[in-house]
Amino acid sequence: MTERIEVMISEEEVNAKIRELAEQISHDYAGKTVHLITILKGGVFFAAELAKRLTVPVTIDFMSVSSYGSGTISSGVVRMVKDLDEPIEDLDVLVVEDVIDSGRTLKYLLDNLGTRKPASLRLCTLLDKPTRRVTDIKVDYTGFRIPDDFVVGYGLDFDQKYRNLPYIGVISFDD
Ligand code: IMP
Ligand code: MG
């Protein structure tokens, strides 16, 4: 089976969008410290680029949840693989994710984080596939709304590969 990758969103477009999001977030969090919570592994690439462009003070923590096995089909089962290192009580938390697909992962995560009494809790995603949503979640900052394609790059993987691509690509398979 051959994997083929076609550019959907170029490196330049992604960078420009991240700069735009960072300006908006810096404006909205003026006078505060934003506590970024990033979802391993996919969210890390976007979060690092976003964090570098924020002009407000930033702290960062990581967690890992899993809803996908290998391949491109959602299992629908969300499992906590690694919890945060620090409590988030009274912090202004911004969850940074690579993509929201069904929304199951984020629904689980936001419900979980909400019980820990943060001062505020918002969500920022690089990519959103709104047509795939099966849960009701509010996204505060969205980079790009994309169709229901399986994409890779900028943190997103297929079978753990292609996370390092500096653009968003659509993967297809021929045999
Ligand atoms: P959800 O729980 O269905 O919203 O799935 C979210 C997770 O599924 C993301 O954090 C990704 O790890 C993975 N995912 C969803 N769509 C894609 C995609 O197009 N490419 C790579 N991973 C994806
Ligand atoms: Mg992910």
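Treat the numbers as computed from the prediction; the structure is a model and nothing was measured. Every number for a ligand or one of its atoms is a count from 1 in the order of the listing.
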How long is the span from the [atom1] atom in [X] to the [atom2] atom in [Y], to the nearest 0.5 Å?
| X | Y | atom1 | atom2 | result |
| --- | --- | --- | --- | --- |
| I171 | F150 | CD1 | CZ | 7.5 Å |
| K41 | D98 | NZ | CG | 12.0 Å |
| I137 | D128 | CD1 | CG | 7.5 Å |

For ligand 1, is any non-hydrogen atom under 4.0 Å from [X]'s backbone (N, CA, C, O), its side chain (CB onward), both, or neither?
| X | value |
| --- | --- |
| D149 | backbone |
| R132 | neither |
| L156 | side chain |
| L106 | neither |

Between [X] and [Y], is there a donor-acceptor pair closer than 3.5 Å when you use the side chain of the first and the backbone of the second?
| X | Y | result |
| --- | --- | --- |
| S26 | T55 | yes |
| D92 | V34 | no |
| K82 | F62 | yes |

(request) Please say whether more than 12 non-hydrogen atoms of neighbouring residues, nucleotides or ligands are located less than 6.0 Å from CD in E86. (result) no
Proximal atoms of ligand 1 relative to [X] (non-hydrogen, under 4.0 Å):
| X | result |
| --- | --- |
| D98 | 9 (C), 10 (O) |
| D157 | 21 (C) |
| E97 | 10 (O) |
| T105 | 1 (P), 2 (O), 5 (O), 6 (C) |
| R104 | 2 (O), 4 (O) |
| V151 | 18 (C), 19 (O), 20 (N), 21 (C) |
| K129 | 16 (N), 17 (C), 18 (C), 19 (O) |

(message) Using every non-hydrogen atom in the two residues, find where C124 and L50 come nearest and quote the distance to one decimal.
(response) SG-CD2, 4.2 Å
(request) Return the minimal non-hydrogen interatomic distance between Y29 and R122, and the atom names on each side. (result) OH-CD, 3.3 Å
(message) If we only consider heavy atoms of G103, is any one of them less than 4.0 Å away from an atom in ligand 1?
(response) yes
(request) Run the contact test for V152 against ligand 1 with a 4.0 Å cut-off on heavy atoms, strictly below, and give the result. (result) no
